[in-house]
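Read the structure below first, then the notes.
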Amino acid sequence: TRVRISNNYLTGELPRGFLYLPALTTVELQSNYLTGHLPEDDGIPAKERKMLSLLNLSSNRFNGSLPASIGSFSSLQTLLLSGNQLAGGIPPEVGRLKRLLKLDLSGNNLTGEVPGEIGECTSLTFLDLSVNQLTGGIPGARLAEIKVLNYLNVSWNKLEGGVPAEISGMKSLTAADFSHNDLSGVVPQSGQFAYLNATSFAGNPRLCGTTIASSNPCNLTSMSGPRV
């Protein structure tokens, strides 16, 4: 069963249990005026909701948190929730989505750390967490477990720490954006980082390196400390 009513003037909330209907395969309700919270599973057994493969609720007015039961959609390949008002953390249960190819949570008010469990979504090719309020470090070692990731965007958050060197070994990565956070230290130069330019790291005044040498070259002498 497919529900496709995008780019309209739909208002109100999603009915309870709607997303968990057993025969539902596709939901495209993007670009409407839908409000309220994303519903929990309402007690529907997980084995009865294995069909949903595409869920697009982007560009609406949903608020509240992302329900942990989102991780029960074992067939989900595309999850698009950008441009809403979702808050709270990204539930670690998202790591259960083993068939997920595209995850877009950008343009919300999500807080907390990027869960390392996202690295368990080993089929993921597109990951966009930009324009939120995420904090903590980037779980580079876990993200590097995704061997097919092409696109990574964590820009416009409040992420701290360094740019993970592990990402340099992600040979499938062709585009990455770490800009406008509070990252610090030296930008790695090897591997996939060699293909990124200064715009991928802009807005992080405590980052330095040859990639962004024109704006912030590293003072390697002071960073290495006194010689012993």
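Not measured: the values here are computed from a predicted model.
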### Message
Between Gln192 and Lys171, do the side chains contain a donor N or O and an acceptor N or O under 3.5 Å apart?
### Response
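No, because no side-chain N or O of Lys171 sits under 3.5 Å from a partner of the opposite role on Gln192.
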#### Entry: Distance-only polar pair, side chains of Glu40 and Ser69, donor-acceptor under 3.5 Å
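There is such a pair (donor and acceptor under 3.5 Å, judged by atom type) between the side chains of Glu40 and Ser69.
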Check whether [X] and [Y] end up in the same hydrophobic cluster, where Ile, Leu, Val, Met, Phe, Trp and Tyr are linked by side-chain heavy atoms less than 4.5 Å apart.
X      : Y      : value
Val131 : Leu134 : no
Tyr195 : Phe201 : no
Leu21  : Leu10  : yes
Leu24  : Leu34  : yes
Leu19  : Val3   : yes

Using side chain to side chain contact (heavy atoms under 4.5 Å, CB included) as the criterion, point out the one residue from [options] that pairs with [X].
X      : options                      : value
Leu57  : Leu80, Leu79, Leu14          : Leu14
Leu54  : Thr78, Val27, Leu76          : Thr78
Ile146 : Leu124, Thr125, Leu173       : Leu124
Leu81  : Leu103, Leu66, Asn56, Leu110 : Leu66
Leu86  : Asn63, Leu38, Asn132         : Leu38

Quick one, [X] and [Y] - any side-chain contact, counting heavy atoms below 4.5 Å?
X      : Y      : result
Ser179 : Thr199 : no
Glu160 : Asn181 : no
Ile90  : Leu129 : yes
Asn108 : Phe62  : no
Val187 : Leu196 : no
Asp182 : Arg206 : yes

Identify the heavy atoms of [X] and [Y] that sit nearest to each other, and give their distance.
X      : Y      : result
Pro164 : Gly140 : CB-CA, 3.5 Å
Tyr20  : Ser72  : CE2-OG, 4.5 Å
Gly95  : Cys121 : CA-SG, 3.9 Å
Ser31  : Asn60  : N-ND2, 3.9 Å
Ser172 : Asn150 : O-ND2, 3.0 Å
Met51  : Pro22  : CG-O, 3.0 Å

### Task
Report the residue from Arg99, Arg142, Arg96 that forms a salt bridge (Lys or Arg N to Asp or Glu O under 4.0 Å) with Glu120.
Arg142
Rounded at 0.5 Å granularity, tell me how far [atom1] in [X] sits from [atom2] in [Y].
X      : Y      : atom1 : atom2 : result
Gln77  : Leu97  : CD    : CG    : 11.0 Å
His180 : Leu159 : NE2   : CG    : 13.0 Å
Ser58  : Glu28  : OG    : CD    : 9.5 Å
Ser53  : Leu100 : OG    : CG    : 11.0 Å
Leu152 : Ile138 : CG    : CD1   : 7.5 Å
Arg61  : Glu13  : CZ    : CD    : 13.5 Å

### Task
Step by step, work out the side-chain contact (heavy atoms from CB on, under 4.5 Å) result for Tyr151 and Asp128.
CA-CA 8 Å; Tyr151 179 88; Asp128 194 343; 4.1 Å; yes
### Task
With side-chain contact (heavy atoms from CB on, under 4.5 Å) as the test, would you mind laying out the steps for Leu143 and Leu149 before giving the verdict?
CA-CA 9 Å; Leu143 293 178; Leu149 192 66; 5.5 Å; no
### Message
Within a 6.0 Å radius of atom CZ on Phe18, are there more than 12 heavy atoms belonging to other residues, nucleotides or ligands?
### Response
yes
#### Entry: NZ/Lys98: more than 12 non-hydrogen atoms of other groups inside 6.0 Å
yes
### side-chain contact (heavy atoms from CB on, under 4.5 Å) evaluation trace for Phe178 with Val154
CA-CA 5 Å; Phe178 305 94; Val154 294; 3.8 Å; yes
